[in-house]
2 protein chains.
Amino acid sequence: MNKCDQCIVRQLSSLKALNKDEVIQLANSKTTYKIKKGEAIFEEGEVTNGVFCIKDGVGKLSKLSANGKDQIVKLVQSGELLGQRSMISNEPANLSAKAVADMEVCFIPKAEILHFFNNNNQFSMNLMQSVCEDLKESENDKIALVQKTVKQRLAETLLHLYDAFGENTDQTLKVQLTREELAGIIGTATESCIRLLSDFNKLELIELVGKKIKLKNIKALKKLSE
Amino acid sequence: MNKCDQCIVRQLSSLKALNKDEVIQLANSKTTYKIKKGEAIFEEGEVTNGVFCIKDGVGKLSKLSANGKDQIVKLVQSGELLGQRSMISNEPANLSAKAVADMEVCFIPKAEILHFFNNNNQFSMNLMQSVCEDLKESENDKIALVQKTVKQRLAETLLHLYDAFGENTDQTLKVQLTREELAGIIGTATESCIRLLSDFNKLELIELVGKKIKLKNIKALKKLSE
DNA sequence: AATATACTATGATAATTGTCATATTTAATG
DNA sequence: CATTAAATATGACAATTATCATAGTATATT
């Protein structure tokens, strides 16, 4: 078994509050999985009974609508925990979690997490803060959905992807999303998303390199998003 | 000082986990306020340093946009706690809290809450669950904003107001919101909201009694909202 | 009771965005 | 490498929703 002590999740998530003994306990109870791009970690409605540590890769939390569109609520990356909310609420997952890029995740059973929660104040506070952070982001997203146009939201999302995931050596965005996924994040039709990307391209705000996207004028994108 | 033991907030919120001694401690540290309709409990950007218990009345959590519109994120009522998120995150309030109907609230200093959080596992779990519940609602709202039309969201919101706040003896909705506030909840222009209410009225889904709203065909509203 | 002020209502119009149709390009599979 | 499938792109059009204008109605204030 790997020693969780070195793991990026241990360094970045609420788990950083765990002491040596707790980390050993963690290492003993975890199970590691590999998930290929496109596959699901868990589906909406599933009972998860634990949380998932993202060791590597990128995932999306999304919900399928009646008309077959997949609305993406959040992107998650290595270092983050997944499934905390449903575990705490004792509810089946409200959203599906799928891999956007090949992932490596560890499953930690509910009992372990609850034990840490009840015996390590710093851990419970960290977990609480992380959910609070999610809540704040969700509320702000909600407001943006109403108060901003699709164009503004696209600009905002591109900037966010740049900040959160960085760029490749050719300066294209590191997270490789399909246009459909990008549309699912900003909450619009795929065609509208593609059309606006074309516009941005013509205006030289971005450059479309095949399916990849390069941000060319960040300042202008920022201004546009406000 | 009032004994918090009898208080509705104590019965409904995370505070129900407090034991006798803790309730006495709570009662000694709280301050009670009255807030008139329209007035603010706290404003966006303010540092609150504690949470507010809502003893009576109805409040709204909202954010002002650049164009002067007030987007309502959540309505809160007696029995609920307010300001938990910013307190836990150590951040200024992300939203403003204002009274929609005359309110009575108690302020509990941060130190008290943190003390309970660190010493009472049931309390910290309750608090955690309540934030998780908010998160789930916010995520679902976000999805509804994208996937549903304004008409659907209006129907949904009317049903929610009915469920959450009930009706007066004349069967009109108990929460008395202006059309502007209602528009702020569903995320649309005030005129669009008024227009759709008119339509609903003509279709006999609702009845407009002055500024009040009576739900006349709940089944049809439900169907419409899906 | 009279005036002012805020709220509700409705029409006309414009802007935004979604939908459907159809190429075109790229990737996948035998 | 050929064929199929999937993703991207673009045009044409329709539907939804916002904005501006204006009028009516209720509420508050003096």
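Letters A, B, ... mirror the listed sequences (proteins, then strands); counts begin at 1. The basis for the numbers below is simple: all heavy atoms, side chains too, and nothing from hydrogens, waters or symmetry mates.
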Requested in this report: Begin from the C-alpha positions of Q84(B) and S130(B) and carry the test side chain to side chain donor-acceptor pair (under 3.5 Å) through to its verdict.
Outcome: CA-CA 9 Å; Q84(B) 317 168 51; S130(B) 132; 3.3 Å; yes
Rounded to the nearest angstrom, tell me the gap between atom [atom1] in [X] and atom [atom2] in [N].
{"X": "Q147(A)", "N": "dT16(C)", "atom1": "CD", "atom2": "P", "answer": "17 Å"}
{"X": "I194(B)", "N": "dT17(D)", "atom1": "CD1", "atom2": "C1'", "answer": "15 Å"}
{"X": "K148(B)", "N": "dT17(D)", "atom1": "NZ", "atom2": "C1'", "answer": "18 Å"}
{"X": "F200(B)", "N": "dT8(C)", "atom1": "CZ", "atom2": "C1'", "answer": "17 Å"}
{"X": "L196(B)", "N": "dG11(C)", "atom1": "CG", "atom2": "P", "answer": "14 Å"}
{"X": "L208(B)", "N": "dT8(C)", "atom1": "CG", "atom2": "C1'", "answer": "10 Å"}
{"X": "D199(A)", "N": "dT8(D)", "atom1": "CG", "atom2": "P", "answer": "17 Å"}
{"X": "Q152(B)", "N": "dA15(D)", "atom1": "CD", "atom2": "C1'", "answer": "14 Å"}

Report task. Over 60° means perpendicular and under 30° means parallel, so classify the ring planes of H160(A) and F165(A), tilted if in between. Result -> perpendicular
**Report entry** Audit row: C4(A), K30(A), side-chain contact (heavy atoms from CB on, under 4.5 Å) steps and yes/no
**Finding:** CA-CA 9 Å; C4(A) 299; K30(A) 75 153 204 279; 3.8 Å; yes
Requested in this report: Pick base, sugar-phosphate or nothing for T149(A), based on heavy-atom distances below 4.0 Å to the nucleic acid.
Outcome: sugar-phosphate
Report task. Using a heavy-atom cut-off of under 4.0 Å over every strand shown, decide if L197(B) touches base, sugar-phosphate, or nothing. Result -> nothing
**Report entry** Check against side chain to side chain donor-acceptor pair (under 3.5 Å), K110(A) and N90(A)
**Finding:** CA-CA 10 Å; K110(A) 184 170 175 170; N90(A) 282 312; 2.4 Å; yes
**Report entry** Chi angles and distances behind the salt bridge (Lys or Arg N to Asp or Glu O under 4.0 Å) call for D141(A), K142(B)
**Finding:** CA-CA 7 Å; D141(A) 280 1; K142(B) 215 170 100 176; 2.8 Å; yes
Query - Step-by-step side-chain contact (heavy atoms from CB on, under 4.5 Å) determination, N140(A) to K63(B) - result: CA-CA 9 Å; N140(A) 286 340; K63(B) 190 157 191 164; 3.4 Å; yes
Pairs: protein N or O with nucleotides 23-30 of chain D N or O, under 3.5 Å:
none

Report summary line: Test side-chain contact (heavy atoms from CB on, under 4.5 Å), reference L205(B), set L221(B), L154(B), L197(B), output is L221(B)
Query raised in the report: Distance check: side-chain N/O of S198(B) vs OP1/OP2 of dT10(C), anything under 4.0 Å?
Result: yes
Between the protein and nucleotides 18-25 of chain C, which nitrogen or oxygen pairs are less than 3.5 angstrom apart?
residue	atom	partner	partner atom	Å
dG18(C)	OP1	T188(A)	OG1	3.4
dG18(C)	OP2	T188(A)	OG1	2.4
dG18(C)	OP2	A189(A)	N	3.4
dG18(C)	OP2	S192(A)	OG	2.8
dT19(C)	OP2	K69(A)	NZ	3.2
dT19(C)	O4	R195(A)	NH2	3.2

Query raised in the report: What residues, two or more places apart in sequence or in another chain, satisfy ring pair (Phe, Tyr, Trp, His ring centres under 6.0 Å) together with Y162(A)?
Result: none
Query raised in the report: Does the side chain of S78(A) come under 3.5 Å of the side chain of D56(A) through a donor N or O and an acceptor N or O?
Result: no
